[in-house]
A.B. asks: 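My questions all concern the structure below.
None of these values were measured; they are calculated from a predicted model.
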Amino acid sequence: MRHFACSAVLAAGALLAAAGCAAQESGEGTGASEPRAIKAVSGCGDGSWTDPADLAADRAPARCAEGTPAPQPLTERRKLTIATGTLSAEYVAPLQVAVAKGEFKKEGLDVTLKVLPTPDALPLLAKGDVDAQWAAPEAAVINGVNSGFDIKWVAGNFSPDPKSKSGLWVRLKDGESASHVPMADRKLGTMIGKGSVIAYPMNQALKKHGGGLDKVQFQALGSADVLTALQNGGVDSAWLLDPVWRKVDSDDRYAFLGGQPPGEPLGGMLFGPNLLKDDVDAGVALLRAYIRTINTYFAGDYKKDPAFVAELAKLMKTDRTVLESTPSLRMDWEIRAGTTNRLQSAYRAAGVSEGDPLPESRLVDRALYGEAVGHRP
C-alpha cells in the first residue's frame with residue numbers, strides 16, 4: 001500500500017471529481033448485466049472461503065490445494081495493466097511471481113505491472129486506461145468513489161505475522177513503560193500520510209495511550225529519516241516498517257505500541273470498469289491466477305525455503321538477508337467485513353475524508369474471488 005500526505009489526498013480528490021464516472025450501485029455483485037454461473041472448483045473445498053466477519057487474530061486464511069484453482073484459459077488473449085506504487089515491497093511479490101511463473105499467461109492474460117503512485121493511477125483506473133490497481137482503499141480511493149469513480153476493492157493482500165512488530169514505536173521517558181505511555185501532544189514521525197490505510201491501526205494504537213490522530217503532532221519524514229529522528233530525539237514516536245523496527249526491538253529505551261491488526265488485510269486489488277463490467281471474465285481470470293499463485297508459492301511460511309527466498313530477493317531487487325530478517329507475510333486474498341467502515345472512521349478522525357461515509361457495498365465486491373474458488377453465496 002502506497003502512503004502519501006494529506007495534500008496528495010486532496011489533489012487526488014480533485015482529479016477524481018474531474019473524471020465524472022458513474023458510481024456503481026450493485027453492491028456485492030460484479031456489475032455484470034446477467035447473473036454469473038458459479039461452478040464447483042476442484043481443489044478448492046470448504047477452506048477456500050472463510051467468514052468475512054471473523055476478525056480473530058489467529059484465524060486461518062483461505063486456502064485451496066497447491067496449483068489450484070486450475071487455469072481456465074480465455075478464448076481470446078487479453079492484455080491487462082496493473083498499476084502498483086512499488087515493485088520492491090514484499091506484499092507485491094505474489095504479482096511478480098505470477099508474472100515470472102507464467103500464472104497469468106496460463107489464463108490467457110498478458111499482464112504488465114506498471115509503477116504509478118496511487119494519486120496518478122486512480123483517474124486512469126476509473127477511465128479504463130489501466131485495468132487494475134494494487135493498492136488499498138485509502139482516503140483518495142473512497143473520496144473518488146464518493147465523487148463518482150467506478151472502483152471497487154475486489155481482493156485482499158496480506159496480514160502480518162503475529163511476531164511482526166511493524167507499526168508504532170515510541171521512545172520512552174523516565175517512568176514510562178509499554179503499558180503506560182501518554183501519547184497526547186507528542187510528535188509522531190512518519191512517511192505515512194493521514195490518508196493512508198495505516199491511519200486505522202495507528203489511531204487504534206494511539207487511543208490506547210490517550211492519543212488519537214487528532215491529538216498528536218505529525219512530522220512527515222523520508223523513509224531513511226524516520227528511524228534517525230526517533231533515535232536522536234527529533235520525534236517522540238514513529239511508525240517503523242519492516243525491517244526497520246529490528247533496529248530498536250532489543251533496546252529497552254523503546255516500546256512497540258501496536259501495528260496492523262493480525263488477520264485483517266488492509267489492501268490488495270482494486271478493479272475499475274474494465275474488469276468490473278466490460279470484461280468480467282478477464283477479471284475472474286486475473287484473480288484466479290493470483291489466488292493460484294498464493295496457494296502454490298505463498299500458502300504457508302514461504303521463507304523456510306532458501307531457494308524461494310533467493311528467487312524473491314532477485315525479483316524484488318533486494319538483499320536476501322533483508323527478506324530473511326522479518327517473518328513471512330500471511331498472504332490472504334479475502335476481504336474482512338467492516339474494514340472499509342473502520343478505515344472511513346479513521347479518515348474522518350484525521351480530517352481527510354470527503355462527503356458522507358459510504359456503505360461497504362459501494363466499496364467492496366467479494367463476488368469475483370468467490371467465483372474463482374467456486375463459492376456460492
A.B. asks: Run T68 and R292 through side-chain hydrogen bond (donor to acceptor under 3.5 Å, both in side chains) and show every step you take.
C.D. replies: CA-CA 5 Å; T68 63; R292 182 170 61 253; over 6 Å; no
A.B. asks: Any ion pair linking D185 and K215 (charged N to carboxylate O, less than 4.0 Å)?
C.D. replies: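 Here K215 does not pair with D185 in a salt bridge, since their nearest N and O are not under 4.0 Å apart.
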A.B. asks: So E360 and R366, salt bridge (charged side-chain N to carboxylate O under 4.0 Å, His left out) or not? Walk me through it.
C.D. replies: CA-CA 11 Å; E360 183 180 84; R366 299 181 181 87; 3.1 Å; yes
A.B. asks: Quick one: do E264 and R330 make a salt bridge, cutoff under 4.0 Å?
C.D. replies: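 So E264 does not pair with R330 through a salt bridge.
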A.B. asks: Hey, are Y347 and E354 close enough side-chain-wise for a donor-acceptor pair under 3.5 Å?
C.D. replies: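 No, no side-chain donor-acceptor pair sits under 3.5 Å.
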A.B. asks: For the hydrophobic clusters of this structure (ILVMFWY residues joined by side-chain heavy atoms under 4.5 Å, transitively), does one cluster hold both L116 and L113?
C.D. replies: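 Yes, L116 and L113 fall within the same hydrophobic cluster.
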A.B. asks: Do S166 and S164 have side-chain atoms, one donor and one acceptor, less than 3.5 Å apart?
C.D. replies: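 The answer is no; no qualifying pair exists.
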A.B. asks: Same cluster for V322 and F158 if Ile/Leu/Val/Met/Phe/Trp/Tyr side chains link at under 4.5 Å?
C.D. replies: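 Different clusters.
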A.B. asks: Only one of I151, D131, L286 clears side-chain contact (heavy atoms from CB on, under 4.5 Å) with F271; which?
C.D. replies: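 Among the candidates, only L286 passes.
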A.B. asks: Tell me whether the count of non-hydrogen atoms from other residues, nucleotides or ligands lying under 6.0 Å of NZ in K208 goes above 12.
C.D. replies: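 Not more than 12 within 6.0 Å, no.
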A.B. asks: Can you name the closest pair of heavy atoms from V115 and G85 and give their distance?
C.D. replies: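 Looking at all heavy atoms of both residues, the closest pair is CG1-O, 3.7 Å.
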A.B. asks: Identify which one of L257, L206, L188 satisfies the side-chain contact (heavy atoms from CB on, under 4.5 Å) criterion when paired with S237.
C.D. replies: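 Going through the options one by one, the only one that passes is L188.
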A.B. asks: State whether a side-chain donor-acceptor pair under 3.5 Å links R59 with T50.
C.D. replies: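 Short answer, yes.
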A.B. asks: Would you call E107 and R288 a salt bridge, using N to O less than 4.0 angstrom?
C.D. replies: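 So E107 pairs with R288 through a salt bridge.
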A.B. asks: Is there a path from V154 to V41 through hydrophobic residues (I, L, V, M, F, W, Y) whose side chains come within less than 4.5 Å of each other?
C.D. replies: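 Result: no, two separate clusters.
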A.B. asks: If you measure from the Lys or Arg side-chain nitrogens to the Asp or Glu carboxylate oxygens, is any gap between R253 and D251 under 4.0 Å?
C.D. replies: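 Result for this pair is yes, salt bridge flagged.
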A.B. asks: Which heavy atom in L323 sits nearest to a heavy atom in K303, and how many Å separate them?
C.D. replies: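 Heavy atoms only, the tightest pair is O-NZ, 2.7 Å.
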A.B. asks: Is any NZ, NE, NH1 or NH2 atom of the basic residue among D110 and R78 found under 4.0 Å from an Asp or Glu carboxylate oxygen of the other?
C.D. replies: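 Salt bridge between D110 and R78, a charged N being under 4.0 Å from a carboxylate O: no.
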A.B. asks: Is E371 salt-bridged to R36, going by a charged N under 4.0 Å from an acidic O?
C.D. replies: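 A salt bridge links E371 with R36.
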A.B. asks: Should K277 and D150 count as an ion pair when the cut-off is N to O under 4.0 Å?
C.D. replies: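 Here K277 pairs with D150 in a salt bridge, since their nearest N and O are under 4.0 Å apart.
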A.B. asks: Can a salt bridge be assigned to the pair K101 and E311 using a cut-off of 4.0 Å between side-chain N and carboxylate O?
C.D. replies: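 Between E311 and K101 there is a salt bridge, with a charged N closer than 4.0 Å to a carboxylate O.
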A.B. asks: Are F298 and L87 co-members of a hydrophobic cluster defined by side-chain heavy atoms under 4.5 Å apart?
C.D. replies: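 Yes, one cluster joins them.
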A.B. asks: Hydrogens and angles aside, do D332 and S159 bring a side-chain donor and acceptor to less than 3.5 Å of each other?
C.D. replies: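 No, because no side-chain N or O of D332 sits under 3.5 Å from a partner of the opposite role on S159.
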A.B. asks: Same cluster for F104 and L74 if Ile/Leu/Val/Met/Phe/Trp/Tyr side chains link at under 4.5 Å?
C.D. replies: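 In one cluster: yes.
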